Amino acid sequence: MTRGLPGIFETFLEQLSESVDQTDFREAMASVATRLDLLTFAYLSLPLQPSGEPKLISNYPPPWTAHYLQNRYQNLDPIVLRARCGGCPFLWEPDLRGAEISQVQQRLFAEAAEFGICRGLTIPIVDRRGCVAAMTFAADEPNSAFLRVAKQYEQALQLMATYFHIHVRRKLSGNRMVDGVLLTPREYECLQWAARGKSASDIGCILGLKPRTAAFHLDNAKKKLGVRTQNQAISLLASSRSSIL
């Protein structure tokens, strides 16, 4: 890593560990991207089932992301189609040299350009569970500074995208199974914070609950998991997390 990057990476990991919703994750990635002079990004996670909905976390203009999802462009976007195959990060421009582009896909690129999304670096992500995602950093013009940064930090950006994907999958996938037991959202959330060393009083402050309410959810989680201590419950949570990596 280049000088200064380890500190940026450490701060980024801290922000990811503290993120609990899409807004937190968007701010974490926007912060690190800005520090690397990459101002615009989009993370798109595709559903495992055809009937599922994609997850998009981005600082692209909201009218564009709403239009993109409404028209289900993820099913025909050449960038996403290429990312589905995995592989190395790749730079792209609207002409996509060597690839045949349909009229609909040409219109997609033209519409994106109206919102300043003209070219970019895309990092494909295919994890061990078969989940497919892509992280894209975009630019609005042939900017030599963008290309320099993309090439200079390509490996670091790939690592950051992977960590981002793992944290999003853990916290936003809706999977609250611990050791085969389904916890309620509050039970799971309180147990997550307990695993970070937070007391019931701390958790109450973080989640806007009374300390005894946070303790109540932790006790319920222990009962459901069939353990007597909070540390045992945290160990089961850790085991469940590691099993999905």
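By convention here, the first residue in the shown sequence is residue 1. All values derive from a computational prediction rather than experimental measurement. Note that these values count all heavy atoms, side chains included, but never hydrogens, waters or copies made by symmetry.
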Which donor-acceptor pairs under 3.5 Å do side chains of residues 28-36 form with protein atoms, sequence neighbours excluded?
{"unit_1": "Thr34", "atom_1": "OG1", "unit_2": "Ala30", "atom_2": "O", "d": "2.8"}

Exercise. Please tell me if the side chains of Val168 and Ser45 come closer than 4.5 Å, counting only heavy atoms from C-beta onward.
Key: no
Self-check item: ring pair (Phe, Tyr, Trp, His ring centres under 6.0 Å) partners for Phe146, two or more places apart
Solution: none
N/O donor-acceptor pairs under 3.5 Å from side chains in residues 215-223, not counting sequence neighbours:
{"unit_1": "Asp219", "atom_1": "OD1", "unit_2": "Lys222", "atom_2": "NZ", "d": "3.3"}

Practice problem: Decide whether Phe12 and Leu172 are clustered together by the hydrophobic rule: side chain heavy atoms of Ile, Leu, Val, Met, Phe, Trp, Tyr closer than 4.5 Å, transitively. | Solution: yes
Exercise. Over all heavy atoms of both residues, which pair between Gly86 and Val126 is shortest? Give the atoms and the distance, please.
Key: CA-CG2, 3.8 Å
Quiz prompt | Nearest non-hydrogen partners of Pro54 and Leu69, listed with the distance | solution = CG-CD2, 3.8 Å
Quiz item: Of all residues at least two apart in sequence or in a different chain, which pass the side chain to side chain contact (heavy atoms under 4.5 Å, CB included) check with Asp77?
Solution: Tyr68, Ile79, Val80, Leu108
Practice problem: Please check if Leu159 and Leu91 belong to a single hydrophobic cluster, counting links between Ile, Leu, Val, Met, Phe, Trp and Tyr side chain heavy atoms closer than 4.5 Å. | Solution: yes
Quiz prompt | Where Leu5 and Ala156 come nearest, the two heavy atoms and their spacing | solution = CD2-CB, 3.6 Å
Quiz item: Could you give the distance from CG (Leu209) to CZ (Arg186), rounded to the nearest 0.5 Å?
Solution: 4.5 Å
Quiz item: Closest heavy-atom contact between Leu56 and Ala42?
Solution: CD1-CB, 4.3 Å
Quiz prompt | Donor on one side chain, acceptor on other, Gln232 and Thr229, under 3.5 Å | solution = yes
Quiz item: Are Asp140 and Ile117 side-chain neighbours, meaning at least one heavy-atom pair lies under 4.5 Å?
Solution: no
Practice problem: Please identify each residue that fulfils salt bridge (Lys or Arg N to Asp or Glu O under 4.0 Å) with Arg84, with sequence neighbours left out. | Solution: none
Practice problem: Answer yes or no: is there a donor N or O on one side and an acceptor on the other, between the side chain of Asn71 and the main chain of Tyr73, under 3.5 Å? | Solution: no
Quiz item: For residues 111-126, which residue pairs qualify under salt bridge (Lys or Arg N to Asp or Glu O under 4.0 Å), counting only residues two or more places apart or in two chains?
Solution: Glu93-Arg119, Arg107-Glu111
Exercise. Work out which heavy atom in Leu39 is nearest to a heavy atom in Asn59; give both atom names and the distance.
Key: O-ND2, 2.9 Å
Quiz item: Got a sec: does the CD of Gln103 have more than 12 other heavy atoms crowding it under 6.0 Å?
Solution: no
Quiz item: Taking everything shown except Tyr163 itself, do over 12 heavy atoms lie less than 6.0 Å from its OH?
Solution: no
Quiz item: Between the main-chain N or O of Thr122 and the side-chain N or O of Arg82, is there a donor-acceptor pair closer than 3.5 Å?
Solution: no
Quiz item: Is there side-chain contact between Lys55 and Leu44, with heavy atoms separated by less than 4.5 Å?
Solution: no
Self-check item: Heavy-atom donor-acceptor pair, Glu18 side chain to Gln15 backbone, under 3.5 Å
Solution: no
Quiz item: Is it true that Lys151 and Glu154 make a salt bridge, defined as a side-chain N closer than 4.0 Å to a carboxylate O?
Solution: no
Practice problem: Would you indicate whether the side-chain heavy atoms of Pro124 and Phe90 approach each other to under 4.5 Å? | Solution: yes
Self-check item: Side chain to side chain, Met135 and Phe137, heavy atoms closer than 4.5 Å
Solution: yes
Quiz prompt | Interatomic distance, Leu237 atom CG to Tyr188 atom OH [nearest 0.5 angstrom] | solution = 5.5 Å
Self-check item: Main-chain N/O of Tyr60 paired with Ser58 side-chain donor or acceptor, under 3.5 Å
Solution: yes
Practice problem: Please name all residues satisfying ring pair (Phe, Tyr, Trp, His ring centres under 6.0 Å) with Phe41, sequence neighbours left out, ordered by chain then number. | Solution: none
Quiz item: Can the ring centres of His67 and Phe115 be said to be less than 6.0 Å apart?
Solution: no
Quiz prompt | For Glu53, all residues meeting salt bridge (Lys or Arg N to Asp or Glu O under 4.0 Å), sequence neighbours excluded | solution = Arg72
Exercise. Using modelled atom types only, decide if a donor and an acceptor are shared between the side chain of Asp37 and the backbone of Ala145 within a distance under 3.5 Å.
Key: no
Quiz item: Listed by chain and number, what are the ring pair (Phe, Tyr, Trp, His ring centres under 6.0 Å) partners of Phe25, not counting sequence neighbours?
Solution: Phe164
Practice problem: Check side chain to side chain contact (heavy atoms under 4.5 Å, CB included) between Gln105 and all other residues, then give those that pass, not counting sequence neighbours. | Solution: Leu76, Pro78, Leu81, Ile101, Ser102
Exercise. Any chance you could measure Ile234, atom CD1, to Leu225, atom CG, to the nearest 0.5 Å?
Key: 11.0 Å
Quiz item: Does Lys224 have any side chain to side chain contact (heavy atoms under 4.5 Å, CB included) partners at least two apart in sequence or in another chain, and if so, which?
Solution: Val181, Leu183, Thr184, Glu187
Quiz item: Can you find a pair of side-chain heavy atoms, one from Trp193 and one from Asp202, that are under 4.5 Å apart?
Solution: no
Quiz prompt | Atom pair CZ (Arg196) and OG (Ser17), whose distance is rounded to the nearest 0.5 Å | solution = 6.0 Å
Practice problem: Flag the pair Asp127 / Thr162 as yes when at least one side-chain heavy-atom distance between them is below 4.5 Å, and no otherwise. | Solution: no
Practice problem: Check step by step if side-chain contact (heavy atoms from CB on, under 4.5 Å) holds for Thr136 and Leu121. | Solution: CA-CA 6 Å; Thr136 294; Leu121 170 72; over 6 Å; no
Exercise. Measure the spacing between SG of Cys190 and CD of Gln230 and express it to the nearest 0.5 Å.
Key: 9.5 Å
Practice problem: Would you name the heavy atoms of Ala134 and Ala83 that are closest together and state the gap between them? | Solution: CB-CB, 3.8 Å
Quiz item: What's the spacing between Cys131 SG and Arg169 CZ if we round to 0.5 Å?
Solution: 6.0 Å
Exercise. Identify, with sequence neighbours excluded, every residue that meets side chain to side chain contact (heavy atoms under 4.5 Å, CB included) alongside Gln158.
Key: Pro89, Ile123
